[in-house]
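Notes follow the structure.
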Protein chains: 2
Amino acid sequence: MKAILVVGSVAFDTVETPFGRAEKVLGGSASFFAVAASFFAPVNLVGVVGRDFGEKELAAFRGRPIDLEGLERMDGATFHWQGKYSYDLNSRDTVCTDLNVFEFFKPKIPARYRASEYVFLGNIDPVLQREVLEQVERPRLVACDTMNFWISGKPEEVRKTLARVDVLLVNDAETRELSGEWNLVKAARAIRKMGPSTLVVKKGEHGVVMFTEGGSFSAPAYPLEEVFDPTGAGDTFAGGFLGYLASAARLDDEALRRAVIMGSALASFCVEAFSLDRLLRLTRPEIEERFRLFKRLTNFEPLD
Amino acid sequence: MKAILVVGSVAFDTVETPFGRAEKVLGGSASFFAVAASFFAPVNLVGVVGRDFGEKELAAFRGRPIDLEGLERMDGATFHWQGKYSYDLNSRDTVCTDLNVFEFFKPKIPARYRASEYVFLGNIDPVLQREVLEQVERPRLVACDTMNFWISGKPEEVRKTLARVDVLLVNDAETRELSGEWNLVKAARAIRKMGPSTLVVKKGEHGVVMFTEGGSFSAPAYPLEEVFDPTGAGDTFAGGFLGYLASAARLDDEALRRAVIMGSALASFCVEAFSLDRLLRLTRPEIEERFRLFKRLTNFEPLD
């Protein structure tokens, strides 16, 4: 089954940027990931929401190949994150994090999901990430995200999870913290020894560097004139990346490179509006056109 | 005449990095530029040195197509810059700047240099940059550098110079300061209205973005495992960039893109050692090999 299993947060975000404010809009790593990946392959979503998560929010997932059997509903309120971005959008402060029902999240993988060939472990407790892996049959590819909170708080658990992961997607600060190396080339070598054969380092406006068996691959971010809200860009990247790989059904270096570009293309749309707004009105031709623009943005002729 | 005229500083640098210290070694924008460009085209150098600048320093330029008739010698000491880098090499403090003879620098372009088809105005007073342009015949391309000291100190003079320039090469902070725009796409539009049809934004470890009539082009920095000393990387980039354009004798978008990669390749060697040490033992096959590695680093296949 070419489906992608995603396990992560489904949340309400309250976001303040220099350009405006959005109040309790749909967010969470699994939401961004699922919608982005669903352009390419069927998605099986595992997460938890509260009683305040209704048909209005679910509408984002309807009409797409996103299976919601694994979206558990618990008594209580949905995870709520509130953040405020700096004037240049390059840093953000978390104003508050109300975990609510997410605090009690224990991923339960429905029987129908267990044969998913591709797995994305969103940024949750590394112990839970491994519990997911114990509930699935031999996936073809396991990708995961993590964050400084887990890297510094549960370093041993992060290591144990990484030993079972094929692709790690993290930002540059996390790469440095996890490896203890400032230089990204050295950091990548150290992290690839921990388990993941592929490391994808997300550098925000500076693009992405991927380190694989075949060497390294650098992709710029798309030069946008208006970046409205960066929330969810990393998970959207991961969704485009894994979605493309699932649809291509190839894991060679060439496919991985295209997957990075596809992830970058999806992320470049995500930041154009609050929440999933831009992704929800995105079309396949728009995605393909932006992929072509990435080619135009980076291409040069070899020497004669 | 396919020669490149460069006007800028020839200096002694004292540099401290986390990896060591170099005392009064050859530096200056014109030195780095000239050696880098000389791999591709004849260079006519205009600068000034003091009596302490001897045969040992001149040796760097000998045996290369670098004409030194324009290297004036004045009574006094050579310009001396001393700087110290942070542990991550991402910022540096100037410990001292002894302008010495450079304070009295008035560029005098030798008659033989006046037909130079390519001109690079290093980071000197914008008034002097224009005085250079008044002494040359119709160059095919004028490129220039500037810095925050001039952008904030002599904004009107910088504007007057830019009106006569084809290519501006500056870093991202200078791009933002000059345009008053944080977003680089908007900043580029504003700067291109000031005169230069091409803007090359140097972002250090994050590579280069070029804005031209034909759109934008992004190139990563080469992912080096050891960056030893970043001093001179920007001028070395400019030397490789203009050198390639002069040797190709083309100024179309394709040539400009290759020139960015050639500049990036040269700069990636520059930072491997103190001063011009790595550039001075660099070979043409090494340059071509690194150009090919840039292709491998950035290439991906279009969608089927």
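Below, read A as the first sequence line, B as the second, and so on, with proteins coming before strands; counting in each chain starts at 1. On a predicted model such as this, the values are computed, not experimentally measured, just so you know.
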Quiz item: Can you say whether A/Asn299 sits under 4.5 Å from chain B via the side chain, the backbone, both, or neither, judging by heavy atoms?
Solution: both

Quiz item: Under a 4.5 Å heavy-atom cutoff, which of B/Arg189, B/Glu288, B/Met262 has the most pairs with chain A?
Solution: B/Arg189

Self-check item: Validation row: A/Lys203, B/His206 side chains within 4.5 angstrom (heavy atoms)
Solution: yes

Quiz item: Contact part of A/Leu224 toward chain B, heavy-atom cut-off under 4.5 Å: side chain, backbone, both or neither?
Solution: backbone

Self-check item: Among the listed options B/Arg292, B/Glu254, B/Glu226, B/Glu301, the residue most often paired with chain A at heavy-atom distances under 4.5 Å
Solution: B/Glu301

Quiz prompt | Flag if over 12 foreign heavy atoms under 6.0 Å of CZ, B/Phe149 | solution = no

Quiz prompt | Pick from A/Met210, A/Arg258, A/Lys186, A/Lys295 with the largest number of heavy-atom pairs that fall under 4.5 Å of chain B | solution = A/Arg258

Quiz item: Which residue out of B/Val185, B/Leu297, B/Asn183 racks up the most heavy-atom pairs below 4.5 Å with chain A?
Solution: B/Leu297

Practice problem: For the residue pair A/Arg257 and B/Thr298, establish whether any side-chain heavy-atom pair is separated by less than 4.5 Å. | Solution: no

Quiz item: What distance separates B/Glu289 CD from A/Leu303 CG, expressed to the nearest 0.5 Å?
Solution: 11.0 Å

Quiz item: A/Tyr222 versus chain B, heavy atoms under 4.5 Å apart: side chain, backbone, both or neither?
Solution: neither

Quiz prompt | Non-hydrogen atoms of A/Arg176 and B/Glu205 that approach each other most closely | solution = NH2-OE1, 3.7 Å

Quiz item: Quick check: are there more than 12 heavy atoms from other residues, nucleotides or ligands sitting under 6.0 Å from CD of B/Glu225?
Solution: yes

Quiz item: A/Glu181 versus chain B, heavy atoms under 4.5 Å apart: side chain, backbone, both or neither?
Solution: neither

Quiz item: If you measure from CH2 on A/Trp182 to OH on B/Tyr87, what distance do you get to the nearest 0.5 Å?
Solution: 4.5 Å

Quiz item: Crowded around A/Arg159 CZ? As in, over 12 foreign heavy atoms under 6.0 Å?
Solution: no

